Novice: 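Here it is: the structure, laid out below.
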Amino acid sequence: LFENAKQMSYRDLEHYSLEGNEEHDLADFLMKEMVQFEEITPQWRAQLSVLIELLEHHLQKEESEFFPKVRQLVETDQLKELARAYAHER
């Protein structure tokens, strides 16, 4: 039973990771689009609103769902290594 629950948790983490990566890519895309504007336009303001909503949603989900699951399933040493790898990649 525990192993089955653990496998479900790992699948949840995979889903959160894939979804999070898509949100990162979308935020990057919007920011690249926005810096091309020479002035603040209604379209730029709309993109800013979408970006803010995306980031707020992303951070809330990471902090309330993803990180707690990771802390349950991953050893401290592995978490530190993941953090170093992530910092190096970004």
Side-chain angles (χ1 to χ4, degrees):
L1 183 64
F2 176 74
E3 190 60 36
N4 190 23
K6 195 172 182 179
Q7 287 300 322
M8 287 176 60
S9 294
Y10 282 123
R11 280 189 292 243
D12 288 344
L13 284 180
E14 181 181 33
H15 172 76
Y16 287 130
S17 293
L18 293 171
E19 186 177 295
N21 286 337
E22 292 299 321
E23 290 172 349
H24 284 208
D25 290 346
L26 183 54
D28 289 344
F29 173 79
L30 282 172
M31 287 187 285
K32 286 176 185 173
E33 285 270 314
M34 293 172 71
V35 298
Q36 294 180 20
F37 283 82
E38 293 182 15
E39 60 184 50
I40 296 175
T41 65
Q43 182 183 357
W44 188 90
R45 289 180 195 276
Q47 287 179 331
L48 178 61
S49 292
V50 170
L51 180 60
I52 290 169
E53 288 178 26
L54 172 69
L55 293 174
E56 287 175 344
H57 166 79
H58 180 78
L59 291 171
Q60 186 277 331
K61 195 154 190 170
E62 272 188 345
E63 291 173 3
S64 68
E65 297 177 30
F66 181 71
F67 291 145
K69 274 195 185 297
V70 169
R71 286 185 199 102
Q72 287 177 341
L73 296 171
V74 180
E75 299 293 327
T76 303
D77 291 342
Q78 290 174 305
L79 286 174
K80 289 178 183 177
E81 183 58 35
L82 285 170
R84 279 191 289 274
Y86 181 78
H88 183 264
E89 192 173 305
R90 282 282 182 196

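Keep in mind it's a predicted model, so treat the numbers as computed, not measured. The figures that follow rest on heavy atoms only: side chains count, while hydrogens, waters and symmetry mates do not.
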Novice: Do the side chains of Ile40 and Val35 join up, straight or via other hydrophobic residues, at under 4.5 Å, putting them in one cluster?
Specialist: no
Novice: Salt bridge check: are Glu81 and Arg84 linked by an N-O gap of less than 4.0 Å?
Specialist: yes
Novice: Say you draw a straight line from CD of Gln47 to CD of Gln43; how long is it, rounded to the nearest 0.5 Å?
Specialist: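 With rounding to 0.5 Å, CD (Gln47) is 5.0 Å from CD (Gln43).
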Novice: Applying a strict under-4.5 Å side-chain criterion to I, L, V, M, F, W and Y, I'd like to know whether Leu55 and Met34 cluster together.
Specialist: yes
Novice: What is the distance from atom CD of Gln36 to atom CE of Met31, rounded to the nearest 0.5 Å?
Specialist: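 If we round to the nearest 0.5 Å, Gln36:CD and Met31:CE are 13.5 Å apart.
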Novice: If you compare all heavy atoms of Leu54 against all heavy atoms of Ala27, which two are closest, and at what distance to 0.1 Å?
Specialist: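 Taking every non-hydrogen atom into account, CD2-N, 3.7 Å.
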Novice: Specify the closest pair of heavy atoms between Glu65 and Tyr16, including all atoms of both residues, with the distance to one decimal.
Specialist: OE1-OH, 2.6 Å
Novice: Rounded to the nearest 0.5 Å, what separation is found between the CD atom of Glu39 and the CZ atom of Phe37?
Specialist: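 Answer for the CD-CZ pair, Glu39 versus Phe37, is 9.5 Å.
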Novice: Check Glu62 against Pro68 and note the closest heavy-atom contact, atom names and distance.
Specialist: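 Looks like O-CD, 3.9 Å.
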Novice: What distance separates Gln78 CD from Leu82 CG, expressed to the nearest 0.5 Å?
Specialist: 7.0 Å
Novice: Glu23 vs Lys61, test: salt bridge (Lys or Arg N to Asp or Glu O under 4.0 Å). Steps then yes/no.
Specialist: CA-CA 11 Å; Glu23 290 172 349; Lys61 195 154 190 170; over 6 Å; no
Novice: Which heavy atom of Leu13 sits nearest to which heavy atom of Val70, and what is that distance?
Specialist: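 Looking at all heavy atoms of both residues, the closest pair is CD2-CG2, 3.5 Å.
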Novice: Once rounded to the nearest 0.5 Å, what's the spacing between atom CD of Glu22 and atom CG of Asp25?
Specialist: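 CG of Asp25 is found 5.5 Å from CD of Glu22.
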Novice: More than 12 heavy atoms of other residues, nucleotides or ligands under 6.0 Å from CD of Glu75: is that the case?
Specialist: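 Incorrect, the count does not exceed 12.
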Novice: Output the distance between atom CD (Glu63) and atom NE2 (His58), rounded to the nearest 0.5 Å.
Specialist: 9.5 Å
